[in-house]
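Notes follow the structure.
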Amino acid sequence: MDEVFEIKDTEINVEDIMSKIHGNIERRKKEGLYTEEKLAEAERLKIGDTPEQADFIGHYIKTAEVLCNIDIEHYKFGIPPFLNRPGLGHMVLAGKEFIRRFLRFHTRGVFNQQIEFNRHMIQLVKGLHSRIEELEKEVSSLRKRESRR
C-alpha cells in the first residue's frame, strides 16, 4: 500500500493507531459487519478523482445496487449519543434487541417489500440509463451525418 502522507510528530504513534484500526476491522469482520464480499464490493465502487458524467452516474447506480438490500437479520439501530453511557447504553441495546425480536414477525414483510421495491427501482434506473446512452450515441451519429452534408 502506498503511503499517502508521512506523520513526523513524535507525539503520535502511527503504529499504535494503525494496529487499532486493523483490530477494529478484524473485530467487525468477526461480528459479520464487514464480509469479504462487502469489502470487495466497496473496492469495486471506487471511482477516480475526476470522473466523467457517465462514470459518475454509473457509480451511483452500482452503489444503489449494493445498498438496495436491507440485511434484516443484522440490522443495527444505533444508540443516540446522550444515551451512549456505560451501563445505560447496554440496557438501551438490550431493550431494542427485545423489541426487535418481538416485532420481527410484523416487520419482516415490510422489509421484504422494501427490498423488492428497491430492486425494481434499480432495474428501472439501469434500464433508463442504458436507453439514454443509446439515444445519446444515436443523436451523436445523426449530428455527425448532418455535419457531413
### Message
Let me confirm one number: the CD1-NZ distance from Ile122 to Lys62, rounded to the nearest 0.5 Å.
### Response
13.5 Å
### Message
Just by distance, no angles: are the side chains of Asn118 and Gln114 close enough, under 3.5 Å, to form a donor-acceptor pair?
### Response
yes
### Summary
Taken to the nearest 0.5 Å, the spacing of Asn112 CG from Thr107 OG1 works out to 9.5 Å
### Given Glu136, Arg131, Lys137, the one that forms side chain to side chain contact (heavy atoms under 4.5 Å, CB included) with Glu134
Arg131
### Task
To the nearest 0.5 angstrom, please state how far the CD atom of Glu146 sits from the OG atom of Ser141.
11.5 Å
### Query
Distance from Phe111 atom CZ to His106 atom NE2, nearest 0.5 Å?
13.5 Å
### Task
First locate atom NE2 of His22, then atom OG of Ser19, and finally report the distance between them rounded to the nearest 0.5 Å.
8.0 Å
### Message
Please tell me whether Leu128 and Phe117 are part of a single hydrophobic cluster in this structure, the criterion being side-chain heavy atoms less than 4.5 Å apart.
### Response
yes
### Task
Rounded to the nearest 0.5 Å, what's the gap from CE on Met121 to CD on Glu116? Could you check?
11.0 Å
### Task
Find out if a path of hydrophobic residues (ILVMFWY) with successive side-chain heavy-atom gaps under 4.5 Å connects Leu135 to Ile132.
no
### Message
If hydrophobic clusters are built from ILVMFWY residues whose side chains come within less than 4.5 Å, do Leu103 and Phe98 share one?
### Response
yes
### Message
I'd like to check Glu65 versus Lys126 (side-chain heavy atoms, cut-off strictly below 4.5 Å). Are they in contact?
### Response
yes
